[in-house]
Visitor: 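Handing you this structure, nothing more for now.
The structure displayed is predicted, hence computed values, not measured ones. For the numbers below, each heavy atom of this structure counts, side chains included, while hydrogens, waters and symmetry mates do not.
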Amino acid sequence: MRGREDHLSVGLTTLARDRDLDLLEDGSHAHGASHSGQKAGTFGLADAFSLNGPKPVSGGEGSFVLTDDDDTFYRVLTFAHYNKRARNEIPEGHPLSRYTVTGAGLKLRIHPLAAALAHDQLSRLDAYLAGREEIAAYLIRELGQIPGLEVSSMPEGVKPSWYALTATYRPDQLGGLSLDRFHAALVAEGATSSTGPAPPAP
């Protein structure tokens with residue numbers, strides 16, 4: 001969870017509250033990230049987290065929805081867990097109970113092994129993120145000494161999950177050298193990086 005996105009989530013929380021809207025979060029890479037001590041996934045009505053390979057918490061593949069709202073939980077079950085689990089967990093008399101057998105006709109359930117792998121990592125997540133933060137601090141310090149690179153800083157109160165480290169290229173500091181040539185030089189030296197507004201999907 002990078003700083004700009006995190007401040008956006010706080011602003012959206014206020015907007016949603018003032019307009020009586022439900023806020024749904026996308027916490028794809030933000031496992032364990034927080035703003036002013038509040039964890040990602042707790043700002044809105046629900047949050048979807050990815051468990052794809054390189055995420056801070058990984059099950060290899062799969063995802064999960066985090067919510068403390070019963071009705072939202074029942075809607076998720078109806079959408080992706082119809083039949084057995086929906087029949088067992090959605091109470092009789094609930095408006096969605098008549099759809100527990102058919103649901104939306106989708107089976108989007110995470111594999112139990114992937115869920116178990118991810119669940120086992122939760123107790124170690126804070127230590128894991130501390131390690132990523134140490135690596136990020138080293139990279140920020142070293143990259144900050146390279147002319148032409150301006151590493152993004154984190155606003156106060158933001159604790160990211162450090163999925164990616166972003167930097168802005170300043171060609172005026174290198175005599176107008178184009179970004180393509182600068183990037184080619186990095187690759188020639190063995191660096192792995194991408195150019196653009198965000199890293200490509202793994």
Side-chain angles (χ1 to χ4, degrees), residues 1-59 62-80 104 108 110 118 121-122 124-141 143-144 148-172 179 193-202:
M1 177 179 279
R2 286 166 291 188
R4 181 178 59 184
E5 296 166 344
D6 196 60
H7 277 295
L8 180 61
S9 70
V10 176
L12 289 176
T13 301
T14 302
L15 177 64
R17 183 184 63 243
D18 293 345
R19 301 296 177 89
D20 195 26
L21 299 172
D22 290 331
L23 177 63
L24 303 177
E25 299 180 61
D26 177 1
S28 180
H29 306 88
H31 312 68
S34 64
H35 182 278
S36 299
Q38 184 173 349
K39 295 283 190 179
T42 65
F43 289 91
L45 178 66
D47 192 337
F49 287 89
S50 171
L51 298 174
N52 172 263
K55 303 301 191 299
V57 174
S58 173
S63 59
F64 65 92
V65 174
L66 179 69
T67 184
D68 62 358
D69 180 76
D70 288 343
D71 189 61
T72 301
F73 174 66
Y74 298 148
R75 288 173 181 269
V76 171
L77 284 182
T78 307
F79 184 74
L108 304 178
I110 186 175
Q121 295 169 51
L122 292 178
R124 301 189 296 275
L125 178 58
D126 287 344
Y128 176 64
L129 293 183
R132 289 171 76 120
E133 184 176 18
E134 186 177 342
I135 294 170
Y138 172 80
L139 290 172
I140 291 171
R141 184 173 62 252
L143 291 175
L149 281 184
E150 184 179 294
V151 182
S152 302
S153 60
M154 291 296 105
E156 178 145 4
V158 172
K159 286 188 69 68
S161 58
W162 295 112
Y163 170 74
L165 185 67
T166 58
T168 302
Y169 178 56
R170 303 296 184 190
D172 56 294
L179 176 60
S193 65
S194 64
T195 59

Visitor: Could you give me the CA-CA distance, side-chain angles and deciding distance for L45 and D68, then say whether side-chain contact (heavy atoms from CB on, under 4.5 Å) is met?
Guide: CA-CA 8 Å; L45 178 66; D68 62 358; 5.7 Å; no

Visitor: Would you say that F64 contacts I110 through its side chain, given a criterion of any heavy-atom pair below 4.5 Å between the two side chains?
Guide: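 Of all side-chain heavy-atom pairs linking I110 with F64, none is under 4.5 Å.
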
Visitor: Is there a donor-acceptor pair closer than 3.5 Å between any side-chain N or O of R132 and the backbone N or O of W162?
Guide: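 Yes; judged by distance alone, with no hydrogens or angles, the pair exists.
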
Visitor: Considering all heavy atoms of both residues, which atom of P160 and which atom of M154 are nearest to each other, and what is their separation?
Guide: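 What the structure gives for the nearest pair is CG-SD, 3.7 Å.
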
Visitor: When you measure from the side chain of E25 to the backbone of G44, do you find a donor-acceptor pair of N or O atoms at a distance under 3.5 Å?
Guide: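 Looks like yes, one N/O pair under 3.5 Å.
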
Visitor: Do D47 and T67 come within less than 4.5 Å of each other through their side chains, counting heavy atoms only?
Guide: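 Result no, sub-4.5 Å side-chain heavy-atom pair not found.
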
Visitor: Would you call D22 and R75 a salt bridge, taking side-chain N to carboxylate O under 4.0 Å as the test?
Guide: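 Here D22 does not pair with R75 in a salt bridge, since their nearest N and O are not under 4.0 Å apart.
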
Visitor: Evaluate D126 against K39 for salt bridge (charged side-chain N to carboxylate O under 4.0 Å, His left out), listing each step before the verdict.
Guide: CA-CA 12 Å; D126 287 344; K39 295 283 190 179; 3.7 Å; yes

Visitor: Is the ring pair H35/F43 parallel, tilted or perpendicular, if the boundaries are 30 and 60 degrees?
Guide: perpendicular

Visitor: Is the backbone of P54 close enough, under 3.5 Å, to the side chain of S58 for a donor and an acceptor to pair up by distance?
Guide: no

Visitor: Heavy atoms only: give me the nearest A16-L23 pair and the separation to one decimal.
Guide: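 Heavy atoms only, the tightest pair is CB-CB, 4.0 Å.
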
Visitor: Check whether any side-chain heavy atom of H31 lies under 4.5 Å from a side-chain heavy atom of L125, and answer yes or no.
Guide: yes

Visitor: Would the number of heavy atoms belonging to other residues, nucleotides or ligands and lying under 6.0 Å from CZ of F73 be above 12?
Guide: yes

Visitor: What's the spacing between L21 CG and L12 CG if we round to 0.5 Å?
Guide: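 One gets 10.0 Å once the value is rounded to the nearest 0.5 Å.
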
Visitor: To the nearest 0.5 Å, what is the distance between CD1 on I135 and CD1 on I140?
Guide: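 That separation rounds to 12.0 Å.
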
Visitor: May I ask you to test the P56-L129 pair for a side-chain heavy-atom distance under 4.5 Å?
Guide: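 Yes, their side chains come closer than 4.5 Å.
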
Visitor: For S63 and S50, which I'm curious about, is there any donor-acceptor pair between the side chains at under 3.5 Å?
Guide: no

Visitor: Answer yes if the side chains of S34 and Q38 hold a donor-acceptor pair under 3.5 Å, and no otherwise.
Guide: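 No donor-acceptor contact under 3.5 Å links the two side chains.
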
Visitor: Do V57 and L51 have side chains that approach each other closer than 4.5 Å (heavy atoms only, starting at C-beta)?
Guide: yes

Visitor: If every non-hydrogen atom of G144 is compared with every non-hydrogen atom of V151, which pair is closest and at what distance?
Guide: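 Closest heavy-atom pair between G144 and V151: N-CG2, 4.4 Å.
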
Visitor: Taking R170's backbone N and O only, do any of them form a donor-acceptor pair with E150's side chain (distance below 3.5 Å, no angle check)?
Guide: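 Between the backbone of R170 and the side chain of E150 there is no qualifying donor-acceptor contact (under 3.5 Å).
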
Visitor: Any side-chain heavy-atom pair from S152 and T166 closer than 4.5 angstrom?
Guide: yes

